[in-house]
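Chain A is the first sequence line, chain B the second, and so forth, proteins listed ahead of strands; every chain is numbered from 1.
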Amino acid sequence: MSDLPKSYDPSVIEKRWYAEWMARGYFHGDAAAPKAPFSIVIPPPNVTGYLHMGHALGRTIEDIFTRWKRMAAYNAMWLPGTDHAGIATQMVVERDLKEREGKSRHDLGREAFTERVWQWREKYGNRILEQLRVMGCSLDWDRTRFTMEPAYSRAVIEVFVRLHEEGLVYRAKRLINWCVSCRTALSDLEVEYDEGAQGELYEFAYPLADGSGEVVVATTRPETMLGDTAVAVHPDDPRHQSKIGKLIKHPFVAREFPIIADGQLVDPKFGTGAVKVTPAHDPNDFECGQRHQLASISILDEQGAVTAEGGPFAGLDRAAARKAVKARLKELGLERGSKPHVHAVGHCQRCNTVVEPMLSTQWFVKMEPLAQPAIKAVEEGKTRFVPESWGKTYMHWMTNIRDWCVSRQLWWGHRIPAYHCATCREITVARDTPKACSKCGGAELRQDDDVLDTWFSSWLWPFATLGWPDETRELRTFYPTTLLVTGYDILFFWVARMLMAGLHFCGKVPFRTVYLHTLVTDEHGDKMSKVKGNVIDPVDVIAQHGADALRFALAWLTTQAAQGKNIKFSMSNVEDARRFANKIWNAARFVLMNLEDYDPNRYADRTAEGPDGAEFELPERWILSRVQRATEEVNRALDEYRVADAAQAVYHFIWDEVCDWCIELAKPALSKEAPPHKLAERWKVQGALVTAMETAMRLLHPFMPFLTEEIWQTLPKPVAASQSIMITMYPIPDVRFLDDASEASMALVQKVVSAIRSLRAENNVPLSFRSRVFLNVADDYRKTILDGYQKLVSEQARCREVAVRRGGEPPVGPTAVAVAGDVEIVLMIEGTADAGAERTKLEKERTKLTSDRDFLAKKLTNPQFVERAPAAVLEKDRARLAELETALVRVAAALGRL
RNA sequence: AGGCGAGUAGCUCAGUGGUAGAGCAGGCGCCUUACACGCGCCGGGUCGCAGGUUCAAUCCCUGUCUCGCCUACCA
């Protein structure tokens, strides 16, 4: 055992254990198990995806909770899978096709191209799942799902058809967002606005048809004037009132259109107070057009080129058209100036092309009826958000929800189950390809070319993955899922929609708790991007420092962050975690090196009824009590989704208590030079040490699964122990081992030891010099405690002798003095003490003590405080005041002696 | 424009109605036989600013400044 290497090397261990866990089937959640379920569905990564820090964070959190609950005897099931990611995947494969063969998808045709995407997916689509294995994620791989697999597709079609039957899916000609590069419609959410883009507000004049003058309008998109069908002014605007009802003659195309009054569209304070109205290319203008029965003229085609409606500009790309229109207006003397104008321009989320509002026939989902129950469910607390504040954001969006454009003009995705009749143009929506038109009986039917928005399949994920629409055992056992963990960036895209779908199709919320984590940025708060070159690749991190280090670093940083704040991640976080792993490794080495003659069964027998059976010394009673505190703290933190607090609690328990004190306190008893009577008692020290370590490993396992398994396996355990730490019980506090008195005594010992070390350091007393120390105490209680533990103090503070006394003559010779609480510590030092330094220090301390004392004294003589403050606070302050008084006397005395 | 949120140690962040904590960084000293990926010690904060409530405010309220995010709009 003692031949473990001096440093921890994760590389070998991690691979070995993951394979072992898989082989033993530990990750599988049995739908028939008679245990309380705990289920999570993974946010399915895109098949094009590779692991990035955001995934690493989310999956670490999920694995922490899954492993924790699994150990806590829940029927834990964490479902993996991938998303077909319509546009993203199609783009990747198109690019690949272009690079390899110089072909476009149109060269291949729909069927061959789709086949190509499937091949690509077979080859690369599981890459990210492999990476999750490297991270140690305890996913139930038998349940891996894919949003385009037949069973899942069936659910998607079912949902579309049902919504259609319910009148919640409709087809309509609406103004939608169109990406001329992806050549598809987009939902509102898929349009990103880059705020504050510097643009131009261009003004030009429309001549009135009767020659009586002109009206000047302003626009940021001059080319859209080709589709103008009105100019609107405010009805109360005196500048324009006389023009209302007059006609404008379009300068380029043979068309006249009216000047209308519209108080909704026009803000008289903006620009010239006259607005050009282009119903086919602007959402507000579209609505205005509806109000006034204006014609809608589409002047751009699906590629962004001007249509025949654009007259002389037909065929020009929209950018060229803008230039040409401006040039022509100038020629005609209609240009009226331009000024810089900051406004937001919508871009395609996938390709960053400027999105055009276009009039187009698309499929929509009516959202308001779906949103109502989902709003109610959150109001009633059926699903709660962590951090809570996200609930408000959710509510805001849900109460202002707009219909969802779900059709996409792509090839990769679920084809819409709508069939167009060639004879009567009726559309039949059906689960299976219909034989004949539902209206005229015509047999010539053509399926709609469009596919569904990727999110139209994702929003079914929590139940479609469990077998819906069939009423499966999986669904009964694991739905609603317990927890959903995802980034806040897809709150609307995914979380809100899942709530709506879950309630609508299953009648229950899809998850009880939504944990929204932050985004991970680089250490300066900048988004990681390949272009900037600041990407930290989790796979590299794991290769360098191990998955445990990465996971622990992320867990450490995972506070319930406020909105708008990110996790600033740097390699130094991982290095810190790695040092922690190494520390644990070495603590384990120490324990294992000192287990001669140790019998875990004997220890288990003697402590089966609690600590009394073993007659422990203070360090053992103390650490076994601290084990319970740590256990309590970690469980509570996890219960409350405080991941960082949980990680930090284990960290401090292991490092500060087990390593810094427990092991140090154990050393004398374990020493080869220990006297024979001590040797007989050694099993208690070993037992407490092993217990502390073993419990610590279980507490830490959800965070650092590999290291804890490796160490746990080597620790001695009673014969009936499990095969793996993964399937042992998560620690729960054992109140029989709680020992307030021992914790208080140990706290005093620690305080005194620290004070002595401090004195030694300040006076440069070398480690080799064994000092004599006098501890002057105020009461018999303290004296009794310290008398009992003076041996511990002298061992830990490296003293020759520790004498505890109440008063008595000051020792002869040079001393250094400190006060720890109300214990005065007098350290005999060799040579001369630095009296000046000592005086300065003591005086500083006196100043601090005095100010504290005065503050408290004043407070305690304030009648209003004494009258109104709670008794507990009063009592605490009085005790503190007494302590300060004693300490002051000690310091004053020490100063007097100098 | 509306909403959400943040301003606490050099940095990154916790935190509580009773005069503040962690990790890292910094300084000093140590190879004290588990660990130098380590050990011991030390320094460092009028808790953004101004008012208010309270016996008591870093914490609650109001205002204000700065920063971040979200939604909508921007002819």
Side-chain angles (χ1 to χ4, degrees), chain A residues 2 4 6-8 188 193 199 201-203 217-221 224 231-232 265-267 270-278 282-285 341-345 387 389-390 392-393 395-397 400 488-489 491-492 518-519 523 525 545 556-557 559-570 572-573 575-594 642 644-645 648 651-652 659-660 663-664 667 671 753-754 757-762 764-768 797-798 851-852 855-856 859 862-870 872-874 876-877:
Chain A
S2 55
L4 284 177
K6 273 178 86 167
S7 338
Y8 172 56
D188 296 337
Y193 293 89
L201 191 62
Y202 180 83
E203 293 186 354
V217 295
T219 181
T220 53
R221 294 184 298 159
T224 60
V231 164
L265 182 70
V266 184
D267 172 5
F270 188 93
T272 61
V275 182
K276 60 188 275 308
V277 184
T278 325
D282 182 278
N284 292 314
D285 292 4
H341 181 65
V342 176
H343 66 133
V345 177
S389 61
W390 284 109
K392 285 186 188 169
T393 309
M395 285 299 177
H396 182 257
W397 190 74
N400 296 293
Y488 65 80
D489 52 326
L491 174 58
F492 307 140
T518 64
L519 306 182
E523 59 192 307
H545 299 289
W556 179 277
L557 296 167
T559 54
Q560 287 185 17
Q563 293 186 24
K565 287 190 94 174
N566 296 320
I567 288 182
K568 296 188 179 103
F569 188 87
S570 79
S572 81
N573 296 125
E575 284 155 16
D576 296 343
R578 195 215 153 82
R579 281 208 304 278
F580 179 45
N582 195 56
K583 183 76 181 171
I584 296 168
W585 181 256
N586 279 291
R589 278 180 65 224
F590 176 84
V591 173
L592 295 170
M593 279 179 215
N594 287 285
R642 292 180 286 112
D645 287 347
Q648 293 182 24
Y651 176 93
H652 287 296
C659 293
D660 288 354
I663 286 180
E664 293 306 323
K667 278 178 179 173
S671 157
V753 168
S754 289
R757 284 173 180 166
S758 194
L759 280 178
R760 293 180 64 112
E762 282 156 12
N764 298 315
V765 177
L767 219 55
S768 52
R798 301 187 168 264
S851 111
D852 284 4
F855 176 83
L856 266 182
K859 199 168 153 188
N862 177 353
Q864 282 167 314
F865 171 67
V866 178
E867 202 177 302
R868 303 196 192 188
V873 172
L874 272 173
K876 204 178 134 206
D877 281 356

Legend entry - Watson-Crick and G-U pairing of RNA chain B, under 3.5 Å, as dot-bracket with | and [ ]: (((((((..((((.......)))).(((((.......))))).....(((((.......))))))))))))....
Return the polar atom pairs (N/O with N/O) between nucleotides 40-45 of chain B and the protein under 3.5 Å, or none.
residue	atom	partner	partner atom	Å
C41(B)	O3'	S758(A)	OG	3.1
C42(B)	OP1	S758(A)	OG	3.1

Inset, instruction - Report the distance from atom CZ of F590(A) to atom P of C39(B), rounded to the nearest whole Å. - result: 14 Å
Legend entry - Proximal nucleotide (of A36(B), G23(B), C37(B)) relative to the W556(A) side chain: G23(B)
Inset, instruction - Could you tell me whether the side chain of N586(A) and the main chain of K6(A) form a donor-acceptor pair under 3.5 Å? - result: yes
Legend entry - Partner residues of K667(A) under the salt bridge (Lys or Arg N to Asp or Glu O under 4.0 Å) criterion, sequence neighbours left out: E664(A)
Legend entry - Pairing residues for R579(A) by the salt bridge (Lys or Arg N to Asp or Glu O under 4.0 Å) criterion, not counting sequence neighbours: D576(A)
Inset, instruction - Please work out if K276(A) contacts a base, only the sugar-phosphate, or nothing of the nucleic acid, heavy-atom cut-off 4.0 Å. - result: nothing
Inset, instruction - Under 4.0 Å between any heavy atoms, over every strand shown, what does F580(A) touch: base, sugar-phosphate, or nothing? Just pick one. - result: nothing
Legend entry - 5' priority, RNA chain B, between D852(A) and Y8(A) [closest heavy atom]: D852(A)
Inset, instruction - Taking ring pair (Phe, Tyr, Trp, His ring centres under 6.0 Å) as the test, write out the residues that go with F580(A), two or more places apart. - result: F552(A), Y651(A)
Inset, instruction - Answer yes if the side chains of Q563(A) and S389(A) hold a donor-acceptor pair under 3.5 Å, and no otherwise. - result: yes
Inset, instruction - For Y488(A), check ring pair (Phe, Tyr, Trp, His ring centres under 6.0 Å) against everything at least two apart and list the hits. - result: W390(A)
What's touching nucleotides 24-33 of chain B from the protein side, N or O pairs under 3.5 Å?
residue	atom	partner	partner atom	Å
U32(B)	O2'	R798(A)	NH2	2.5

Inset, instruction - Tell me, please, which residues at least two apart from R578(A) pass side chain to side chain donor-acceptor pair (under 3.5 Å). - result: none
Legend entry - Sugar-phosphate or base contact per nucleotide [nucleotides 7-18 of chain B; S, B, -; heavy atom under 4.0 Å]: -----SSS---B
Legend entry - E664(A) side chain, from C-beta outward: closest of C70(B), A34(B), C37(B): A34(B)
Legend entry - Pairing residues for D489(A) by the salt bridge (Lys or Arg N to Asp or Glu O under 4.0 Å) criterion, not counting sequence neighbours: none
Legend entry - Spacing of the C1' atoms in G21(B) and U16(B) (rounded, Å): 11 Å
Legend entry - R589(A) CZ - C37(B) P separation (whole Å): 14 Å
Inset, instruction - For the pair N573(A) (side chain) and F569(A) (backbone), establish whether a donor and an acceptor sit closer than 3.5 Å, ignoring hydrogens and angles. - result: no
Legend entry - Spacing of the P atoms in G44(B) and C70(B) (rounded, Å): 41 Å
Legend entry - Separation of the P atoms in A25(B) and U19(B), to the nearest angstrom: 30 Å
Inset, instruction - Would you check if I567(A) and L519(A) make a side-chain contact, meaning some heavy-atom pair closer than 4.5 Å? - result: no
Legend entry - Pair of N/O donor and acceptor under 3.5 Å linking C4(B) base with K392(A) side chain: no
Legend entry - Euclidean distance for C1', U53(B) against C69(B) (whole angstrom): 31 Å
Inset, instruction - Please name all residues satisfying side chain to side chain donor-acceptor pair (under 3.5 Å) with S754(A), sequence neighbours left out, ordered by chain then number. - result: none
Inset, instruction - Answer with base, sugar-phosphate or nothing: what part of the nucleic acid does L201(A) contact at a heavy-atom distance below 4.0 Å? - result: sugar-phosphate
Legend entry - Pairing residues for K859(A) by the salt bridge (Lys or Arg N to Asp or Glu O under 4.0 Å) criterion, not counting sequence neighbours: D877(A)
